[in-house]
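A short worksheet on the structure shown next.
Because only heavy atoms are used, hydrogens play no part in the values below, and waters and symmetry mates are left out as well, while side chains stay in. Quick note on labels: first sequence line is chain A, next is B, and so on, each numbered from 1.
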There are 2 protein chains.
Amino acid sequence: MNLNDFRYFKKLSEMKSFSETAHYFNVSQPTITYAIKRLETEYDTKLVERKSYANSLSLTFSGQQLLQHVEKILREDNLVKADLSRIKQKKIKMGLPPIITNYLVPQIFDDLKDFDYLNRLIPVVDGSKELMERLKDGDIDLSLLGSTTLPVDPELEYKVLDIHAFKIIASKDRNFKDDLKLSDLINEDFIILDEKSVHKQVFNNFIDKYNVSPKIIFQTSDYKLLLQLVKENKGISFITETAISKTSGIQELQFNNLELPSFYIMIVYRRGTVKGSIFQKLISIFENITLKN
Amino acid sequence: MNLNDFRYFKKLSEMKSFSETAHYFNVSQPTITYAIKRLETEYDTKLVERKSYANSLSLTFSGQQLLQHVEKILREDNLVKADLSRIKQKKIKMGLPPIITNYLVPQIFDDLKDFDYLNRLIPVVDGSKELMERLKDGDIDLSLLGSTTLPVDPELEYKVLDIHAFKIIASKDRNFKDDLKLSDLINEDFIILDEKSVHKQVFNNFIDKYNVSPKIIFQTSDYKLLLQLVKENKGISFITETAISKTSGIQELQFNNLELPSFYIMIVYRRGTVKGSIFQKLISIFENITLKN
DNA sequence: CCTTACTTATAAATATTTTTTATCAATTAT
DNA sequence: ATAATTGATAAAAAATATTTATAAGTAAGG
């Protein structure tokens, strides 16, 4: 049996029309009819309910169950092509979220250079959320990621490289009393990272938990810009300490009784990625960071 | 492209011989050659290293990576057939480990009868380990299971129905002092469940943890037999309290400072199983047990 | 070193499977 | 009622997979 039959079936279940599905694949309409028929014969079950003609078509219970499996199979099949084509190129496509990259890469730059990895890596710079998706889609081989939770996705394997904390930061020019409470910040302007980053979500949880409503005056996905603005005292911010190491002109505000989640810095890859020596070595270079710190 | 090519490829990787693989599938030898060739053309990569003829054949790096995906795809394809054939029969195949079944099923027997489930269930009686495997293979739809850990397998979903403790038990005829220590049991004969059950493993961990070496005189997979033997004072045993509810003639020994893992009683099924009303209802019947207790 | 046995590859023929073309029948919309 | 649309079917064509027959490479035994 042909994988195309699965593709036809899946699309049909979405489009709910034999002829449109046929058109989508640039095949004739009977092709779809016969494909479904083949599946129904193969499994000896009715899969598609052809309600009185132009009416919307639906899957039988068996059809729904089949669809579940078909989607998994096709997803896997797409991964194959993505994987093999990258192996052929002897390149490794790596996701790099800016904050983490700026923090980690300088630490291992020499190692990467020594082992001739600099030109083997195809960097993909984006937010952690987006990178996680692209990783699962097989579009990238591995990724650095920052998150407050460890991935529960069965398909992913990860190594925690570092655990950082979130901080509330302000310009060095400002003077705050020693024993700050959140309520003291009620009149402050906040500048935060936008929804591309996990920061936004953590910030929202934070707002809920402590039942405060800080004034957000600006959001950006560019953390360097954010730091610059804070430095210039355009507002205060909320960010992982990862972002502010080796940054001057900025102070961390100290609170008591302020609980914030941990920020896990990880390297993540798909389970079952056959780890060639290049891949293996790359991961070990990153793992060694943990030892250095 | 045909799923058969994947099957040929997988088998070839196991058998490491084109002609044997062909023989296995009852096809001619060139069939395998062409199948591999098709895959190699499709992915534009060499997959199989044909070492100087009669020598053992090996997969290239790309081949290994492909194999990973192929195995997933074929596993999924097998699930389809198993699933759909069971749906057709309107039957639900359910795994039942004896101890848990004897404990739970009386509690819900009337419900099962009222909703006419008694003849819809195909019972599969076996140990928890075996059942877990068969569940993943799609050979059974759902299963009761007992375990000291919650399933981490991504493919499985579960509901905890009850949490029990492990006990050390002896015949009521015996007299033990109140403040028992493990060392007091050094001369006792132990009768335990064999490796088909999780008990064996828990027992082994227990031995390691407390660094004792109890004398095991008999192992069985039949817990009723075990209880009978304990009752008759042929030895003492180690078992979850699940097994001894409503059993007379047996006492639990009390220790202080004895830490044993919890025994989770769960109902487990594959994630993505399309839950028809029958399935749904069945799970809810079992879930209601939790409320009753 | 030659021969035999065994293995995989290739070409051509054949068989099987998938798709198309042409057409029909059922239904909806006008 | 008629036209338009949708899915089903039969027969033909096209594409794909498999077989037969054979070649060619290698290892082992004499």
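Between B:Thr33 and the phosphate of C:dA9, there is a side-chain N or O to OP1/OP2 separation shorter than 4.0 Å. Note on A:Lys37: every side-chain N or O is 4.0 Å or more away from OP1 and OP2 of C:dT18. In this model, the phosphate group of D:dT6 is not approached by any side-chain N or O of A:Arg50 to a distance below 4.0 Å at OP1 or OP2.
Atom C1' of nucleotide D:dG7 and atom CE of A:Met15 are separated by 16 Å, given to the nearest angstrom. The OH-C1' distance, from A:Tyr34 to D:dA12, rounds to 11 Å in whole Å. When the P atom of D:dG7 is taken as reference, atom CD of A:Glu49 falls 14 Å away, rounded to whole Å. A straight line from CG of A:Asn4 to P of D:dA15 spans 14 Å, rounded to a whole angstrom. Rounded to an integer number of Å, the gap from CD of A:Gln29 to P of C:dC24 is 15 Å. Distance CG (A:Leu39) to C1' (C:dT17): 14 Å, rounded to an integer number of Å. Distance NE2 (A:His23) to C1' (D:dG7): 17 Å, rounded to an integer number of Å. The NZ-P distance, from B:Lys16 to C:dT8, rounds to 12 Å in whole Å.
Taking only side-chain atoms of A:Pro30, from C-beta outward, the nucleotide of D:dT18, D:dA10, C:dA9 with the closest atom is D:dA10. The listed nucleotides are C:dT19, D:dG7, D:dT19; the one nearest the side chain of B:Thr31 is D:dT19. Across D:dT18, C:dA9, D:dG7, the shortest atom-to-atom separation from the side chain of B:Arg38 is found for D:dT18.
Between B:Leu12 and A:Asp5, the residue anchored nearer the 5' end of DNA chain C, judged by the nucleotide with its closest heavy atom, is B:Leu12. In terms of position along DNA chain D, the nucleotide closest to A:Phe18 lies nearer the 5' end than the nucleotide closest to the other residue of the pair A:Phe18 and A:Asn2.
If you check the side chains of A:Asn4 and A:Arg7, you find a donor sitting under 3.5 Å from an acceptor. No hydrogens or angles considered: nothing links the side chains of A:Gln280 and A:Ser284 as a donor-acceptor pair under 3.5 Å. For the residue pair A:Gln64/A:Thr60, the side-chain donor-acceptor check at 3.5 Å is not satisfied.
A salt bridge links A:Arg270 to A:Asp83: one of the charged nitrogens lies within less than 4.0 Å of a carboxylate oxygen. Here A:Arg50 pairs with A:Glu40 in a salt bridge; the nearest charged N to carboxylate O distance falls below 4.0 Å.
Backbone-only contact: A:Tyr8 has heavy atoms under 4.0 Å from sugar-phosphate atoms and none from a base. Nucleic acid contact for A:Ser19: sugar-phosphate only, since backbone atoms but no base atoms lie under 4.0 Å from a heavy atom of the residue.
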